[in-house]
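Each chain gets a letter, A, B and so on, in the order the sequences are listed, and its residues count up from 1.
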2 protein chains.
Amino acid sequence: MVRSDARENREKILAAARDLFLESGEAPSTNQVAQRAGVGAGTLYRHFPTREALVLAVYQDEVDRIIADVPEILARETPLEALRLWTLELVAGMRRKHGLGDALGASAHQSIAEQTYGPVIAAIDTMLDAGKSDGTIRADAEAGDYLQFTGALWRAAPGPEDRAPRMLALLLDALRADPA
Amino acid sequence: MVRSDARENREKILAAARDLFLESGEAPSTNQVAQRAGVGAGTLYRHFPTREALVLAVYQDEVDRIIADVPEILARETPLEALRLWTLELVAGMRRKHGLGDALGASAHQSIAEQTYGPVIAAIDTMLDAGKSDGTIRADAEAGDYLQFTGALWRAAPGPEDRAPRMLALLLDALRADPA
DNA sequence: ACCTGAACACCGTTCAAGT
DNA sequence: ACCTGAACACCGTTCAAGT
């Protein structure tokens with residue numbers, strides 16, 4: 001049985017992590033998060049056994065929200081255009097949450113990627129398959145490769161000029177089926 | 001005047017950082033590096049005022065080595081093929097040094113990217129320009145966008161199967177000039 | 001059952017004291 | 001001029017003691 005105070009604490013911790021990150025743009029320390037949430041450090045570690053688990057939970061939320069948009073976009077746009085619009089959303093979302101994983105280390109990053117991998121791949125596959133069916137997307141396009149490429153898009157810092165839209169156009173050019 | 005012991009210490013510290021990283025695959029702490037190099041912590045900070053500066057120095061070495069290969073490759077290969085071979089080298093080099101920057105944080109990552117940016121862009125431009133001149137590479141190809149995309153290649157973990165060669169082929173397809 | 005918060009081992013960095 | 005290494009403030013994580 002989960003006590004209601006435990007459930008509330010979990011939410012308070014997640015909210016504190018999100019808020020602190022939004023305020024500073026830097027990944028907050030676990031002790032900072034616990035203090036902001038008004039709980040002891042041990043309580044944080046009861047709910048999230050490791051810093052990685054806490055960051056993962058925040059990411060998962062964002063990714064779920066973005067994935068949920070796919071059916072609607074695909075219903076009203078052509079497959080390639082749906083892919084373009086959705087990818088811009090993904091890029092914006094990843095940029096929002098990015099710094100969170102900064103203090104994490106390679107293996108932690110990888111396990112986070114693995115946890116969120118399946119659903120995102122499924123979302124991309126939905127759009128790729130639609131394009132392969134109507135002949136607008138080349139048949140050998142791979143969702144895994146595509147996802148990997150999107151990483152390059154949100155890492156392109158939008159300084160004076162955002163490279164992402166132009167890079168995305170180039171990438172979609174590569175995916176377009178030959179008119180042959 | 002730089003004393004010879006100071007010059008030697010600089011080299012010892014860099015070598016220690018490289019060795020420790022090679023052994024563990026994880027970014028070593030500055031105190032670990034100082035101990036391995038056989039110098040005090042303060043000496044390390046005299047030569048590299050910040051952890052970031054130390055990591056940057058190790059990266060710079062690797063990048064310089066890779067850039068130096070461009071003229072030779074371009075002399076014996078077609079521009080697109082030179083770009084392909086050189087990019088595979090870059091991917092291998094980046095994968096070798098990657099974990100080093102793990103503990104660094106977004107702003108440090110960015111300043112490292114900026115420091116190494118110019119020479120790498122120049123190297124890519126050499127190859128792109130060669131291809132634009134002979135009409136094999138589309139005229140609107142951008143070195144900055146290309147470099148950004150290569151980040152997605154070396155981040156593609158070579159697990160059971162390395163995605164990088166196939167992703168690179170797709171990317172080069174996009175750069176190829178229309179036969180129109 | 002769940003919580004608190006002092007404590008642990010470690011981190012990057014500093015600085016007084018030495019040569 | 002350059003070096004050493006103890007010390008500082010902080011980190012992620014643990015665990016005895018409380019309710």
For a quick check under 3.5 Å, do Ser29(A) and Asn31(A) share a side-chain donor-acceptor pair by atom type?
no
Is Leu171(A) close to Leu171(B) at the side-chain level, that is, under 4.5 Å between some pair of heavy atoms?
no
d(CZ, Arg10(B); C1', dA1(D)) in whole Å:
17 Å
For the CD1 atom of Ile121(A) and the CG atom of Leu147(A), what is their distance to the nearest 0.5 Å?
5.0 Å
Drop me the distance from Tyr59(B)'s OH to Ile112(B)'s CD1, to the nearest 0.5 angstrom.
6.5 Å
Rounding to a whole Å, what distance do you find between Leu44(A):CG and dC11(D):C1'?
13 Å
Using a strict heavy-atom distance below 4.0 Å, which residues from residues 22-39 of chain A are in contact with DNA chain C?
Gly38(A), Val39(A)
Between dT13(C) atom P and Ile13(B) atom CD1, what is the distance in whole Å?
14 Å
Whole-Å gap separating P (dC3(D)) and CZ (Arg46(B))
6 Å
So how far is it from Arg10(B) CZ to Leu44(B) CG, rounded to the nearest 0.5 Å?
11.0 Å
Given that both pair distances must be under 3.5 Å and the pair must be Watson-Crick or G-U, what runs of three or more consecutive pairs involve DNA chain D?
C:4-8 with D:12-16, C:12-16 with D:4-8
From the set dC3(D), dC3(C), dG12(C), return the single nucleotide nearest to any side-chain atom of Asn9(B).
dC3(D)
Considering only NZ, NE, NH1 and NH2 on the basic side and carboxylate oxygens on the acidic side, decide whether Glu11(A) and Arg7(A) come within less than 4.0 Å.
no
According to salt bridge (Lys or Arg N to Asp or Glu O under 4.0 Å), does anything in residues 139-150 of chain B pair up with another residue at least two apart or in another chain? List the pairs.
Arg163(A)-Glu142(B), Arg163(A)-Asp145(B), Arg166(A)-Glu142(B), Arg166(A)-Asp145(B), Arg138(B)-Asp140(B)
Any side-chain N or O of Thr50(B) less than 4.0 Å from the OP1 or OP2 oxygen of dT13(C)?
yes
For dC2(C) and His47(A) - does any side-chain N or O of the residue sit under 4.0 Å from the phosphate oxygens OP1/OP2?
no
Going by salt bridge (Lys or Arg N to Asp or Glu O under 4.0 Å), name the pairs with one or both residues in residues 80-91 of chain B, residues two or more places apart or in two chains.
Glu81(B)-Arg84(B)
Other residues, nucleotides and ligands only: do more than 12 of their heavy atoms fall within 6.0 Å of CD on Glu77(A)?
yes
Given atom CD of Glu52(B) and atom P of dG12(C), what is their separation to the nearest angstrom?
13 Å
For nucleotides 14-19 of chain C, give me one character per nucleotide, 5' to 3': B if any protein heavy atom sits under 4.0 Å from the base, S if the only such contacts are to the sugar-phosphate, - if neither.
BB----
For residues 130-170 of chain B, the ring pair (Phe, Tyr, Trp, His ring centres under 6.0 Å) pairs (sequence neighbours left out) are Phe149(A)-Phe149(B), His98(B)-Trp154(B)
To the nearest 0.5 Å, what is the distance between CE on Met127(A) and CD1 on Ile137(A)?
9.0 Å
